[in-house]
Novice: 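Following this message is one structure expressed as structure tokens.
The structure presented is a predicted model; accordingly, all values stated were derived computationally and were not measured.
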Amino acid sequence: MPVARDGPETPSPPDPLTLLRSRAYLVLLVLSALIGVPVSAAAFGFLALVGELQPLIYTDLPKSLGFDEAPPWWPLPLLAVGGLLAGLTIEYLPGRGGHDPAAGFKAAGPPTPIELPGIFFAALATLCFAAVLGPEAPLLALGAGLAAGAVRMVKRDPPEQVNAVLGAAGSFAAVSSLLGSPLLGAFLMMEASGLGGPMMAVVLVPGLLAAGIGALVFVGLGSWTGLGTYSLALHDVPKATHPTAAEFGWALVIGLSAALVGAGIRWLAVRLRTHVGRRRVPATVVMGLVVAGLAIGYAEGTGKAATDVLYSGQTSLDPLLTHSAAYSVGALSLLVLCKGLAYGASLSSFRGGPIFPAMFVGAAGGILFSHLPGLSLVAGLAMGIGAMSAAMLRLPLVSVLLATLLIGAQGLTVMPLVIVAVVVSYVATAKLTPPPAEPGEDSGPRRQ
């Protein structure tokens with residue numbers, strides 16, 4: 001028997017094929033392509049600025065002060081200043097420096113123009129002064145904000161859906177080459193934003209177009225300036241062997257280990273964030289000193305460079321793999337411990353992305369496991385990267401792609417092992433993750 005319905009019927013969702021064939025959608029694609037050029041150029045400029053300032057602060061400045069090289073204690077003032085600048089930016093500029101990385105990797109709506117300076121300066125203080133976070137989250141926010149701002153310059157009150165799609169296209173363009181492939185940026189946005197259903201392609205295609213154009217801009221600017229593309233890449237990856245039964249067993253172990261380590265890092269970040277929120281500026285300085293102390297302790301204890309612990313790990317992954325034979329079990333264990341603790345401290349207070357530190361901790365852990373019987377170096381590296389990325393990002397498809405595409409031709413060989421490790425880590429992480437906080441809970445006082 002039919003049931004009577006009160007009120008107006010719910011409108012049916014738009015047909016994706018009709019939208020794809022429409023003139024308005026073609027206009028949207030053209031706008032996405034046009035937006036991809038300046039946004040990706042701005043992203044390249046931001047990465048180039050960071051790439052110039054990091055050695056200026058860490059290498060050139062101590063030499064100009066009369067040191068032959070950076071003294072062991074150099075990270076202490078470096079990160080204290082970085083913590084002070086980041087804390088002041090987060091506390092006093094609109095937007096609180098952008099996304100709080102301790103809350104997990106989530107795509108949000110485009111920031112407003114007034115929030116962009118705070119995001120820019122908080123990220124600059126984090127990245128240049130060697131806190132353990134990466135550039136991807138600030139680039140996503142800056143790309144979305146610049147794209148949305150450009151749309152508003154053309155049309156004062158654009159439709160909300162157009163603003164959202166073009167903001168996402170700006171994010172795609174900003175990270176188009178950073179992760180090694182425009183396709184990876186697209187999958188990152190797809191999983192992080194929760195896009196799905198029949199409308200996924202409609203929203204994804206403008207972003208893919210912007211990402212492809214952005215990648216071309218990165219390549220062109222990198223060639224023209226001689227600065228490179230700032231793209232994640234590994235060179236001279238050893239040949240991978242076909243997976244064995246023992247390595248599938250190790251996939252279970254690495255997946256569970258990554259979930260436990262990731263849960264510990266998040267627990268530390270959330271607990272510290274509660275205290276940082278009460279006294280933002282001095283607490284961020286203290287967290288900077290903690291990161292510096294961990295880097296100094298690692299360097300003194302192993303004889304390796306403090307930069308193994310400092311920074312996001314994006315540029316350290318390749319040297320770690322190349323010189324992996326020079327790292328003892330003890331050095332790798334201390335590296336995982338110190339980098340993980342520094343990662344948690346940075347998540348609690350600074351502003352930046354969680355991807356590269358997670359990959360680096362996972363890579364170090366995978367190399368550590370490869371010292372044990374039955375596990376090859378490449379398989380351990382790939383499984384560690386994938387499992388730790390899944391534990392920290394909770395984006396399983398992106399985690400598999402990060403690990404397999406990063407190692408190039410060898411990725412297909414180890415992909416089955418990576419999938420097992422990622423799935424185990426993802427499911428175990430879900431089991432270990434506490435339920436979300438009740439509405440109204442906060443990590444500390446907020447300044448509007």
Novice: For residues Val285 and Gly83, report the shortest heavy-atom separation together with the two atoms involved.
Specialist: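 The answer is CG2-C, 3.9 Å.
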Novice: If you look at every heavy atom in Leu116 and Leu142, which pair is closest and at what distance?
Specialist: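 Closest heavy-atom pair between Leu116 and Leu142: O-CD2, 3.9 Å.
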Novice: Is there a side-chain contact between Thr126 and Ser346 (heavy atoms, below 4.5 Å)?
Specialist: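 Of all side-chain heavy-atom pairs linking Ser346 with Thr126, none is under 4.5 Å.
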Novice: Taking the side chain as every heavy atom from C-beta outward, state whether Arg279 and Val286 have any pair of such atoms under 4.5 Å apart.
Specialist: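 A side-chain contact under 4.5 Å is absent here.
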Novice: Got a donor-acceptor contact below 3.5 angstrom from the Gln54 side chain to the Ala130 backbone?
Specialist: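 No, Gln54 side chain to Ala130 backbone: no donor-acceptor pair under 3.5 Å.
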Novice: Given side chains that start at C-beta, do those of Leu234 and Leu381 come closer than 4.5 Å, heavy atoms only?
Specialist: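 With C-beta onward as the side chain, the pair touches.
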Novice: Determine whether more than 12 heavy atoms belonging to other residues, nucleotides or ligands lie under 6.0 Å from atom CD1 of Ile114.
Specialist: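 Open.
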Novice: So, taking the atom named CG in Asp308 and the one named OH in Tyr327, what distance separates them when rounded to the nearest 0.5 Å?
Specialist: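 Spacing of CG (Asp308) from OH (Tyr327) equals 3.5 Å.
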Novice: I want to check something: taking the side chain as every heavy atom from C-beta on, are Phe350 and Pro101 in contact at a cut-off of under 4.5 Å?
Specialist: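 Not touching, per the 4.5 Å side-chain cut-off.
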Novice: Of the non-hydrogen atoms in Ala345 and Leu268, which two are nearest, and what is the gap between them?
Specialist: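 Shortest heavy-atom contact: N-CD2, 4.5 Å.
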Novice: Over all heavy atoms of both residues, which pair between Ala306 and Tyr58 is shortest? Give the atoms and the distance, please.
Specialist: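 So the two residues come closest at CB-OH, 3.8 Å.
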Novice: Do you know which two heavy atoms are closest between Ala131 and Leu79, and how far apart they sit?
Specialist: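 Closest heavy-atom pair between Ala131 and Leu79: N-CD2, 3.6 Å.
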Novice: Check each of Leu375, Val378, Leu377 against Ile367 using the side-chain contact (heavy atoms from CB on, under 4.5 Å) test, and report the only one that passes.
Specialist: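 The single option meeting the side-chain contact (heavy atoms from CB on, under 4.5 Å) with Ile367 is Leu377.
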Novice: At their closest point, which heavy atom of Ala342 faces which heavy atom of Val291, and how far apart are they?
Specialist: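 Shortest heavy-atom separation between Ala342 and Val291 comes out as O-CG2, 3.8 Å.
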Novice: Walk me through it: do Met359 and Leu406 pass the test side chain to side chain contact (heavy atoms under 4.5 Å, CB included)?
Specialist: CA-CA 10 Å; Met359 293 177 69; Leu406 176 62; 3.7 Å; yes
Novice: Indicate yes or no: at least one non-hydrogen side-chain atom of Pro75 is less than 4.5 angstrom from one of Ile296.
Specialist: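 Result yes, sub-4.5 Å side-chain heavy-atom pair found.
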Novice: Apply side chain to side chain contact (heavy atoms under 4.5 Å, CB included) to residues Leu139 and Leu47 and explain how you reach the verdict.
Specialist: CA-CA 9 Å; Leu139 282 179; Leu47 292 173; 4.0 Å; yes
Novice: How far does CG of Leu393 sit from OG1 of Thr429, to the nearest 0.5 angstrom?
Specialist: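 Rounded to the nearest 0.5 Å, the CG-OG1 separation comes out at 10.5 Å.
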Novice: Would you check if Trp74 and Leu61 make a side-chain contact, meaning some heavy-atom pair closer than 4.5 Å?
Specialist: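 Heavy-atom side-chain distance check passes, below 4.5 Å.
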Novice: Find out whether His323 and Lys304 are in side-chain contact, i.e. whether some heavy atom of one side chain is under 4.5 Å from a heavy atom of the other.
Specialist: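 When only atoms from C-beta onward are counted, Lys304 and His323 do not touch, as no gap falls below 4.5 Å.
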Novice: In terms of heavy-atom contacts, does CH2 of Trp267 have more than 12 from other residues, nucleotides or ligands at under 6.0 Å?
Specialist: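 Atom CH2 in Trp267 is not packed in, count stays at 12 or less.
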Novice: If you measure from NE2 on His99 to CZ on Arg351, what distance do you get to the nearest 0.5 Å?
Specialist: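 Spacing of NE2 (His99) from CZ (Arg351) equals 8.5 Å.
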Novice: Supply the atom-to-atom distance Phe129 CZ to Leu124 CG, rounded to the nearest 0.5 angstrom.
Specialist: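 Going from the CZ atom of Phe129 to the CG atom of Leu124 covers 8.0 Å.
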Novice: Measure the spacing between CD of Gln410 and OG1 of Thr404 and express it to the nearest 0.5 Å.
Specialist: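 Separation between the atoms: 12.0 Å.
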Novice: Any donor-acceptor pair under 3.5 Å linking the side chain of Ser316 with the backbone of Gly313?
Specialist: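 It does not hold such a pair.
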Novice: When you measure from the side chain of Ser40 to the backbone N and O of Gly36, does any donor-acceptor pair fall under 3.5 Å?
Specialist: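 Flag set: sc Ser40 to bb Gly36 pair under 3.5 Å.
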Novice: Yes or no on side chain to side chain contact (heavy atoms under 4.5 Å, CB included) for Glu52 and Leu49, after CA distance, side-chain angles and deciding distance?
Specialist: CA-CA 5 Å; Glu52 292 297 314; Leu49 178 62; 5.6 Å; no
Novice: Are any non-hydrogen side-chain atoms of Tyr426 and Ser399 less than 4.5 angstrom apart?
Specialist: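 No; the side chains remain at least 4.5 Å from each other.
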Novice: Go through the steps for Met392 and Leu347 under the test side chain to side chain contact (heavy atoms under 4.5 Å, CB included), then give the verdict.
Specialist: CA-CA 11 Å; Met392 294 305 299; Leu347 284 170; 4.0 Å; yes
Novice: How many angstroms lie between atom CG of Leu332 and atom OG of Ser370, to the nearest 0.5 angstrom?
Specialist: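 Taking CG in Leu332 and OG in Ser370, the distance rounds to 8.0 Å.
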Novice: May I ask you to check if Lys339 and Tyr298 form a cation-pi contact, with NZ or CZ under 6.0 angstrom from the six-membered ring centre and within 45° of the axis?
Specialist: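 The answer is no, since Lys339 fails at least one limit relative to Tyr298.
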